[in-house]
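To start, the structure under review is shown below, and the notes come after it.
These numbers come from a predicted model, not from an experiment.
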Amino acid sequence: MGALITAGLFAWLYKIKEKDVEGWLASAKKNQQQADLTKQDVAGNTISVPSLKKPHNSHGI
């Protein structure tokens with residue numbers, strides 16, 4: 001019973017705005033495009049990976 005009351009209060013108090021939904025959809029579309037590009041790279045193209053080596057400096061650090 002308490003869960004139903006909590007869910008009802010949450011639904012009544014929390015209003016989703018249209019601009020929020022548009023932002024979420026735009027973000028999801030961008031993420032999907034990036035995932036598609038990654039799949040293409042993994043499928044056969046060479047992926048460039050930056051070097052993880054630390055640069056040497058004159059202080060020997």
Side-chain angles (χ1 to χ4, degrees):
M1 186 66 176
L4 289 175
I5 293 171
T6 302
L9 283 172
F10 182 75
W12 181 61
L13 293 174
Y14 186 77
K15 304 295 181 196
I16 298 176
K17 295 174 182 67
E18 188 173 340
K19 69 178 184 174
D20 294 334
V21 174
E22 289 173 358
W24 296 334
L25 291 174
S27 177
K29 184 177 180 180
K30 180 181 174 186
N31 290 341
Q32 183 62 48
Q33 289 172 344
Q34 289 176 343
D36 290 343
L37 288 175
T38 301
K39 286 179 188 175
Q40 288 174 358
D41 286 342
V42 171
N45 298 333
T46 303
I47 299 173
S48 175
V49 178
S51 174
L52 298 176
K53 294 179 183 177
K54 292 183 180 180
H56 297 286
N57 60 27
S58 61
H59 302 288
I61 298 175

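No donor-acceptor pair under 3.5 Å is formed between the side chain of S27 and the backbone N or O of G23.
Here the CG atom belonging to D20 is positioned 13.5 Å from the NZ atom belonging to K15, to the nearest 0.5 angstrom. In this structure, L4 CG and L9 CG are separated by 11.0 Å, a value rounded to the nearest 0.5 Å.
No more than 12 heavy atoms of other residues, nucleotides or ligands shown are found within 6.0 angstrom of CD on E18. For NZ of K17, the number of neighbouring non-hydrogen atoms (other residues, nucleotides, ligands) closer than 6.0 Å is 12 at most.
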(message) Run I16 and W24 through side chain to side chain contact (heavy atoms under 4.5 Å, CB included) and show every step you take.
(response) CA-CA 11 Å; I16 298 176; W24 296 334; 3.9 Å; yes
